[in-house]
**Student:** 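Once you've had a glance at the structure underneath, I'll fire off some questions.
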Amino acid sequence: MLFLAQDASIPELAAERTTDYRHAVDRTREVYFDAMLIEVGPAVQGGPLALLDAFLDLRHRDLDRERRFRRDRIVAVLPEMSNHAQDAILFELGRRRIGGWLTAPDAAAVTTRVGELIRPPVSKKALCAAGGGITGVYYELGVLRCLEDAFRGFSVHDFDLYFGISAGAIVSSLVANRVELDRCLRELDPDNRDGVDLELGLRNLALRDMPARLCSVGRHLRDYRARVNRGEERLSLTGALSQLAALFGPFFAVDDKTRRLADIFAEPGKSDDFRRVGKQLYIGATDQDRRQHVLFGSPGTEHVPISRAVQASAAIHPFLTSVTIDGRRYTDGFVTRTTNIVTAVERGANLIVLIDPFLPLITDEAGFNHRHSALWVLVQDYKNIAFTRYEHAAAAMHALHPEVTMVSFLPSNRMRRLLATNPISTANFDPIVTQAYASTYRRLERMAFRFGPLLAEHGIELTLETAARKVQLIDASPAPRAELLCAGPLAPRATVSARAA
């Protein structure tokens, strides 16, 4: 417990005590405290809430929200005062959403109040996996492989709720179905010809759509001519050419990959039915015409096969065709939401593990993006829109629900360069998986002082020995190989060796 007081006039009530709010913030960034007491009231120099506001303001400047001391673990200590003065202060404390207040407390009262604050909750755990293309799938698997090694007494297959969007839909549907992570990596290894082939090639071109698109161009031209004849639109070259754009639709269809997922879910102990998977699994997609987010797996949509919902959730334009379900067309879930952390809280989750690989590459080099292709810039724009939206959602959740523990894993800017090459490329499978594992370990190691106690409240012991050994293997290996993280090789040794060379 940390006690931030104006001076030494208040009796010693805490294990650690300071009068400097800057020192208090620094201490909460390096040591875990169950609770924090902050003196408020008329005797505080600078105003009744000066110490509290100074602490909250400096705390708020930490860009990593999970390093910030939780508001719901802050208790205001008030001296004896008139009811009118106390009511005014309590009103202001309510606006700051802290954990509570005590008036002239003794040690017993503090112990009781802190005990109430840190009482372990009835745990409900959610995994929220965002989009990111094929490279995002690889990143999320690397993160989960590390969490599986670092969480003792808990498996990534044991979450109560699973939320997946786009790439996260693929990963969360496999993990919710208890497909072992080693097998997930094996199935998605591009060198495994018998696995889930995510590579998009000539056989996946959406050629069957061409007759319908040719007919659509004809309709567009007829409608355009009718508008011109009625005087509703002026005849122009750009106007006429724009009608031809209907000829160019998404490049690829991925029905064959959906069938492979369905085959895995048809195995004993697994299911392609949301109602029989054994976990609350939700797949987010976008109704292409209504521009609404749809959560497959929620009431009214449970009948849709999981594999079909995953296909809809990952149908990102301009790469993949939209998917027809119950007569409506669906496209990538990221169009309307980046993650479903707010929905997870609404469904009772109080521990959320978030994985979001879809972050833009940041650079101070003027003209860096201009020198790249239009596809590069388009993907970076997508990522920037998605991350900005995530930032707003995460900020709102931390402000409104400080009692919810969120442990997030986002790629560092250095790793975003690896993820930025091409979101639908399978070329960097090994580097992405291994570096995602290593970066997850380093974040857990750096934040162990805070994540450890918070996870323990939910029955999870954070232990890093196994992950540390695997990271040493990664660092010592001349070429990154995902099989270093698993019990055995992912693909035939000759194929792996050829790629590594």
**Student:** Just so I know, are the side chains of Y139 and L418 near enough to count as touching, which here means a heavy-atom distance under 4.5 Å?
**Tutor:**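 SC-SC contact between Y139 and L418 ruled out.
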**Student:** Kindly state each residue pair satisfying salt bridge (charged side-chain N to carboxylate O under 4.0 Å, His left out) with at least one member in residues 432-452, sequence neighbours excluded.
**Tutor:**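 Checked against salt bridge (charged side-chain N to carboxylate O under 4.0 Å, His left out) - neighbours excluded - the pairs reaching residues 432-452 are D64-R443, E66-R443, R442-D475.
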**Student:** Return the NE2 to CZ distance between H398 and R70, rounded to the nearest 0.5 Å.
**Tutor:**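 Answer for the NE2-CZ pair, H398 versus R70, is 10.0 Å.
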**Student:** Working to the nearest 0.5 angstrom, can you tell me the gap between T426 OG1 and L188 CG?
**Tutor:**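 Going from the OG1 atom of T426 to the CG atom of L188 covers 11.0 Å.
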**Student:** Testing T286, D287, T336, T343 one by one against H293 for a side chain to side chain donor-acceptor pair (under 3.5 Å), which residue passes?
**Tutor:**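 Single side chain to side chain donor-acceptor pair (under 3.5 Å) partner of H293 among T286, D287, T336, T343: T336.
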**Student:** Run the salt-bridge test on D57 and R61 with the 4.0 Å N-O cut-off and return the result as yes or no.
**Tutor:**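 Looking at R61 together with D57, the answer is yes, because their closest N to O distance falls below 4.0 Å.
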**Student:** Test of understanding: with side-chain contact (heavy atoms from CB on, under 4.5 Å), list the residues that count as partners of D273, not counting sequence neighbours.
**Tutor:**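 Scan of D273 (side-chain contact (heavy atoms from CB on, under 4.5 Å), adjacent residues dropped) gives S271, R275, R276.
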**Student:** List in chain and number order the residues that pass side-chain contact (heavy atoms from CB on, under 4.5 Å) with D364, two or more places apart in sequence or in another chain; answer none if no residue qualifies.
**Tutor:**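 For D364 there are no side-chain contact (heavy atoms from CB on, under 4.5 Å) partners, ignoring immediate neighbours.
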**Student:** Would you say the ring centers of F358 and Y390 fall short of 6.0 Å from each other?
**Tutor:**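 Distance test on ring centres: not under 6.0 Å, no.
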**Student:** Check this for me, if you would: do R145 and E148 make a salt bridge, where the nitrogen-to-carboxylate-oxygen distance has to be below 4.0 angstrom?
**Tutor:**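 Salt bridge flag = no for E148 with R145.
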**Student:** For residues 157-164, dump all side-chain donor-acceptor pairs below 3.5 Å to protein atoms at least two apart in sequence or in another chain.
**Tutor:**
{"from": "H157", "atom 1": "ND1", "to": "V175", "atom 2": "O", "distance (Å)": "3.0"}
{"from": "D158", "atom 1": "OD1", "to": "R178", "atom 2": "NH1", "distance (Å)": "3.4"}
{"from": "D158", "atom 1": "OD2", "to": "S155", "atom 2": "N", "distance (Å)": "3.0"}
{"from": "D160", "atom 1": "OD2", "to": "K125", "atom 2": "N", "distance (Å)": "2.8"}
{"from": "Y162", "atom 1": "OH", "to": "V156", "atom 2": "O", "distance (Å)": "2.8"}
{"from": "Y162", "atom 1": "OH", "to": "H157", "atom 2": "O", "distance (Å)": "3.1"}
{"from": "Y162", "atom 1": "OH", "to": "D158", "atom 2": "N", "distance (Å)": "3.4"}
{"from": "Y162", "atom 1": "OH", "to": "F159", "atom 2": "N", "distance (Å)": "3.2"}

**Student:** What pair of heavy atoms forms the shortest contact from E140 to V171, and how long is it?
**Tutor:**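 For E140 versus V171, the nearest heavy atoms are OE1-CG2, 3.5 Å.
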**Student:** So if I apply the side-chain contact (heavy atoms from CB on, under 4.5 Å) rule between T405 and each of V353, N350, L454, I352, which one comes out positive?
**Tutor:**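 Option passing the side-chain contact (heavy atoms from CB on, under 4.5 Å) with T405: L454.
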**Student:** Drop me the distance from M36's CE to L117's CG, to the nearest 0.5 angstrom.
**Tutor:**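 If I round to the nearest 0.5 Å, the distance is 13.5 Å.
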**Student:** Sequence neighbours excluded, which residues qualify as side-chain contact (heavy atoms from CB on, under 4.5 Å) partners of T440?
**Tutor:**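 Only V143, C146, L147, F409, L444 meet the side-chain contact (heavy atoms from CB on, under 4.5 Å) criterion with T440.
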**Student:** Please examine the side chains of M406 and R65, heavy atoms only from C-beta on, and report whether any two atoms are closer than 4.5 Å.
**Tutor:**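 A side-chain contact under 4.5 Å is absent here.
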**Student:** Taking only distance into account, with no hydrogens and no angle test, what donor-acceptor pairs under 3.5 Å do side-chain atoms of residues 90-100 form with protein atoms, sequence neighbours excluded?
**Tutor:**
{"from": "E92", "atom 1": "OE1", "to": "R95", "atom 2": "NH1", "distance (Å)": "3.0"}
{"from": "E92", "atom 1": "OE1", "to": "R96", "atom 2": "NH1", "distance (Å)": "2.9"}
{"from": "E92", "atom 1": "OE2", "to": "R95", "atom 2": "NH1", "distance (Å)": "3.4"}
{"from": "R96", "atom 1": "NE", "to": "D53", "atom 2": "OD1", "distance (Å)": "2.6"}
{"from": "R96", "atom 1": "NH1", "to": "E92", "atom 2": "O", "distance (Å)": "2.8"}
{"from": "R96", "atom 1": "NH2", "to": "D53", "atom 2": "OD2", "distance (Å)": "3.1"}

**Student:** Taking atom CD1 of I432 and atom CG of L141, what is their separation to the nearest 0.5 Å?
**Tutor:**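 One gets 11.0 Å once the value is rounded to the nearest 0.5 Å.
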